[in-house]
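Below is one structure, written out as structure tokens; the observations come after it.
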Amino acid sequence: MRLRTLAAFAAGTALAFLLFAPQREASAQTAEGLLLASTVTYDIKTTGDAVHVAWDATLTNNDPESTFQNGQGFYYFAYPIPVLIGAANVQATDNNSVPLDVEVLDVDSPLVQSAKVSFARGIFYGETYKFRLTYDLAGAHSRSTIVTPYYAYLTVVGAGDPATVTVNMPAGEPWSTSLEGSKCPRAESVFTCSGSQGPYVVAVAEASQPSRTASTTFDIPLADKTLNVTLTYFQGDEATAQQQQALIAAGLPVIEETFGFRHPGPTALNIAQGGQQAVLGYEGLTGCDADSCDIVISPVASDYTVLHELAHMWTGIYDKRWLEEGFAELVAETVGPQLPEGVVTGDSPERTPSSIEFQLDTWGPTTSLIGADAGRIALEDAGYDYSLRFLGELRAEFGLQALQAVNRNIATSGRSADSRRFMDVLEEATRRNADNLFLVWVFPESYRTVLADRREAKDRAADLRDRLVEESLPSNVLTPIEALIDQWMFDQALDALDKAEAGLDTYAGLLPRLTALEKSAAAAGLEAPTAIEEALVNFDFESVRQQLTAAGDAVLAYNAASKKVHAGRSLWTKFGLLGSDPGGSLSDAADSFAAGDFETARVQSEHAQYLIADASSVAFRRLLLVAGLLAVLALAVGIAVAVGHFRERELADS
């Protein structure tokens, strides 16, 4: 979006006119000779397609020198009334309905012309003179005034002390209206101004029929896609639509090139004229989703506003308003002068630098400016002013190509950039320290300590990386520390750096042990777990020592068990192993080792060894058991035989 408020508009506008007398000319703003009191009525779309303006002026000569004595002296015979640029049918009559001569003159103002009304008689000191001036606005199209059949926008100008200014606009459907007042007290549509002869801006008025639109479609090729554009405008404003189509077609490819990365959004682009309610009091609004980018632009917006809103199609990579608005404005002002002659009408906007204290990171989200107070508008002015000035300073310091590289890095990372991330990516791209720049422009004073901690953490991390390279140590020990720095968690990062720097010698001593363990495990056919390396990377040295010792014991036990499990066995040993599975225990030990459970792996390996070592004893016990069973069987048979013989004798005796 781009800011266009009454305060900002009037602040940069000079309303200067001349008073005319036979012997002298005086400024209307400083003249003490003629005092103006006025009643002004603006009828906007209430009596037809045009705008009708009427001034009822009462002049009082307060200049004691304007007398006629001894055949000498002077008098006032003309007075300039400010009329909006494009005024037609300018007429004046005095209070006796006598027509007066009116000469419309150009003055050094983007808003108004001077309608010099010549009086029917001269005015001497102490006299008053009344006249009425009227004019129409139809088909006008200037910075201050646009009048088409279904849209009207004009700057309401007044003059005189006092001045009563009434603005009449159509009520209800199909019209949408807005009336934004300046400093004059207001009662509905009537403003009462005093304290200055003027001229001065009283209000900004707008009336539109949102349903009375027409549209045209066209395509614009970009680097890797073609945009399908629909341009919607108020009926009767075809000339503006044609000019904007040429501007859009010429501007979009250059905007893409200036940003430094390809358009990331959808191919559908909808651009429509809209009144103040539609643009929330700004000059334009832009929003993009997965399906389309939609831009609403005030008919009074300049060509640089159109470029600004088009640039917002690329600013979705930012997550702070100052970055979105600052880059949109910077790109618009960079692209405009590059376009072919005649494509851009008007000059880039002139700004009065903001003087309020404002840090860009504190600039809040977009909300409606309709009815906003002066303080709110001043903050908006500061946001637009400071964001453009700061990015301009970055471009001067680092160059446009550096900013383009930053944009590409952010766009391709898939992660939007707030103030912190933008600072990080900028320093990565430029290899330069930007602490002071961001502390002056972006962050509040409370960030001074934060940025100091950030700088310390980054510098110490860089030194630690150099030491790791020099000592041929893996740099992945820095990964968790750099993650903390990337998240701006500097207290934790500095604590981790303290631990890392103190433990670097220990790390170097433990690393060979880890390497030896990995080799011995691989030689044994074991899969080395990641638990030890993870603990080492996190500099958890006590855990590493314990795990290395336990893992070494487990490997020794596994190797010893493996030799016995895979060695040849006698029949006697095999007999002792019937029903036992030392190979299974060994396999369980390998699984436990891979899982980092070194104590269980050792126990399982030792169990496999025990099964084999105890096989002879088991075989002997089994043999004794068999022998015992055979002896019992033999005894039973003997007893049975003896009993049989005994019974046979008993039968024989009987």
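Position 1 is the first residue of the sequence; numbering continues from there. Only heavy atoms go into these numbers, but all of them, side chains included; no hydrogens, no water, no symmetry mates.
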Original post:
salt bridge (Lys or Arg N to Asp or Glu O under 4.0 Å): which pairs involve residues 400-419, sequence neighbours left out?
Top reply: Arg415-Asp486

**OP:** Might you point out which heavy atoms bring Val406 and Leu426 nearest each other, and give the distance in Å?
**Re:** CG2-CA, 3.7 Å

Original post:
What pair of heavy atoms forms the shortest contact from Phe327 to Leu391, and how long is it?
Top reply: N-CD1, 3.3 Å

**OP:** Take the angle between the ring planes of Phe390 and Phe438 and call it parallel below 30°, perpendicular above 60°, tilted in between.
**Re:** perpendicular

**OP:** Evaluate the side chain to side chain donor-acceptor pair (under 3.5 Å) criterion for residues Ser176 and Gln277: first the C-alpha distance (whole Å), next the side-chain angles of each, then the deciding distance (0.1 Å), finally the verdict.
**Re:** CA-CA 8 Å; Ser176 173; Gln277 299 295 331; 5.7 Å; no

Original post:
CD1/Ile295 to CG/Leu269 distance, rounded to the nearest 0.5 angstrom?
Top reply: 5.0 Å

Subject >> Polar contact flag, side-chain donor to acceptor under 3.5 angstrom, Thr315-His312 >> reply: yes

Original post:
Does a side-chain heavy-atom distance below 4.5 Å link Leu307 with Val331?
Top reply: no

Original post:
Do any pairs count as a side-chain hydrogen bond (donor to acceptor under 3.5 Å, both in side chains) and have a residue in residues 250-268, sequence neighbours left out, and if so which ones?
Top reply: none

Original post:
Between Arg448 and Glu445, is there a salt bridge with N-O shorter than 4.0 Å?
Top reply: yes

Original post:
Are side-chain heavy atoms of Gln273 and Thr232 found at a separation under 4.5 Å?
Top reply: no

Original post:
Is a side-chain N or O of Glu325 found less than 3.5 angstrom from the main chain of Asp385, in a donor-acceptor match?
Top reply: no

Original post:
Run the side chain to side chain donor-acceptor pair (under 3.5 Å) check on Asp424 and Trp488 step by step: do they pass?
Top reply: CA-CA 10 Å; Asp424 289 341; Trp488 282 52; 3.0 Å; yes

**OP:** Could you tell me whether Glu599 and Arg602 have a side-chain N and a carboxylate O separated by less than 4.0 Å?
**Re:** yes

Original post:
Taking all non-hydrogen atoms of both residues, which atom of Val343 and which atom of Asp303 are closest, and how far apart?
Top reply: O-OD2, 3.8 Å

Subject >> Trace of the side-chain contact (heavy atoms from CB on, under 4.5 Å) decision for Leu468 with Leu478 >> reply: CA-CA 9 Å; Leu468 292 171; Leu478 272 172; 4.1 Å; yes

**OP:** Please check if any side-chain donor atom of Thr305 sits under 3.5 Å from a side-chain acceptor atom of Glu309, or the reverse.
**Re:** no

**OP:** Determine, for Arg421 against Asp319, whether the closest basic-nitrogen to carboxylate-oxygen distance falls under 4.0 angstrom.
**Re:** no

Original post:
Hey, what do you get for CG (Leu451) to CG (Asp435), rounding to the nearest 0.5 Å?
Top reply: 5.5 Å

Original post:
Taking all atoms of both residues into account, what is the closest heavy-atom pair of Gly265 and Lys225, and its distance?
Top reply: O-NZ, 2.6 Å

**OP:** Report yes if some heavy atom in the side chain of Leu179 is under 4.5 Å from a heavy atom in the side chain of Arg186; otherwise report no.
**Re:** yes

Original post:
If you take all heavy atoms of Glu283 and Ser302, which pair is closest and at what distance?
Top reply: OE1-N, 3.8 Å

Subject >> Any donor-acceptor pair under 3.5 Å from Ser419 side chain to Asp361 backbone >> reply: no

Original post:
Just wondering, are more than 12 heavy atoms of other shown residues or ligands nearer than 6.0 Å to CD in Glu393?
Top reply: yes

Subject >> Salt-bridge criterion met for Glu501 and Arg460 (N-O under 4.0 Å) >> reply: yes

Subject >> Approximate separation, where rounding is to 0.5 Å, of Thr345 OG1 and Tyr304 OH >> reply: 9.5 Å

**OP:** Please confirm whether the backbone N or O of Ser354 pairs with a side-chain atom of Tyr386, one donor and one acceptor, at under 3.5 Å?
**Re:** yes

Subject >> Evaluation steps, side chain to side chain donor-acceptor pair (under 3.5 Å), between Thr334 and Arg395 >> reply: CA-CA 11 Å; Thr334 302; Arg395 180 173 63 179; 2.8 Å; yes

**OP:** Would you confirm whether Gln404, through its side chain, and Phe261, through its main-chain N or O, come within 3.5 Å as a donor-acceptor pair?
**Re:** no

Original post:
Do the ring planes of Trp314 and Phe259 sit parallel (below 30°), tilted (30 to 60°) or perpendicular (above 60°)?
Top reply: parallel

Original post:
Are Arg455 and Glu427 within salt-bridge range, i.e. N to O under 4.0 Å?
Top reply: yes

Original post:
Does Lys320 reach the main-chain N or O of Arg420 with its side chain, forming a donor-acceptor pair under 3.5 Å?
Top reply: no

Original post:
Do the side chain of Gln487 and the main chain of Ala483 share a donor and acceptor less than 3.5 angstrom apart?
Top reply: yes

**OP:** Check whether any side-chain heavy atom of Phe598 lies under 4.5 Å from a side-chain heavy atom of Pro529, and answer yes or no.
**Re:** yes

Original post:
Can Leu484 and Leu494 be said to form a side-chain contact (heavy atoms from CB on, under 4.5 Å), step by step?
Top reply: CA-CA 9 Å; Leu484 291 171; Leu494 291 172; over 6 Å; no

Original post:
For the side chain of Glu206 and the backbone of Gln276, is there at least one donor-acceptor N/O pair under 3.5 Å apart?
Top reply: yes

Original post:
When rounded to the nearest 0.5 angstrom, what distance separates CG in Leu285 from CG in Leu280?
Top reply: 5.0 Å

Original post:
Hey, is Lys458 close enough to Glu428 for a salt bridge, meaning N to O under 4.0 Å?
Top reply: no

Original post:
Between the main-chain N or O of Phe443 and the side-chain N or O of Gln359, is there a donor-acceptor pair closer than 3.5 Å?
Top reply: yes

**OP:** Show your reasoning for whether side-chain contact (heavy atoms from CB on, under 4.5 Å) applies to Thr286 and Glu324.
**Re:** CA-CA 11 Å; Thr286 299; Glu324 296 172 343; over 6 Å; no

**OP:** Could you tell me the separation between the CD1 atom of Ile271 and the CG atom of Leu231, rounded to the nearest 0.5 Å?
**Re:** 6.0 Å

**OP:** Please report the shortest heavy-atom distance between Met313 and Cys293, naming the atom on each side.
**Re:** CG-SG, 4.1 Å

Original post:
Below 4.5 Å, heavy atoms only, C-beta onward: do Ile220 and Pro253 meet side chain to side chain?
Top reply: yes

Original post:
Taking side chain as C-beta onward, heavy atoms only, is Trp363 less than 4.5 Å from Tyr384?
Top reply: yes

Subject >> Flag if over 12 foreign heavy atoms under 6.0 Å of CG, Asp224 >> reply: yes

**OP:** Please step through side-chain contact (heavy atoms from CB on, under 4.5 Å) for the pair Trp322 and Phe358, ending with a clear verdict.
**Re:** CA-CA 12 Å; Trp322 73 267; Phe358 185 80; over 6 Å; no

Original post:
Quick one: does Leu222's side chain get under 4.5 Å of Leu252's, heavy atoms only?
Top reply: yes

Original post:
Can you tell me how far CG of Leu394 sits from CG of Leu400, rounded to the nearest 0.5 angstrom?
Top reply: 11.5 Å

Original post:
So, does Thr600 use its side chain to make a donor-acceptor pair with the main chain of Asp597 at under 3.5 Å?
Top reply: no

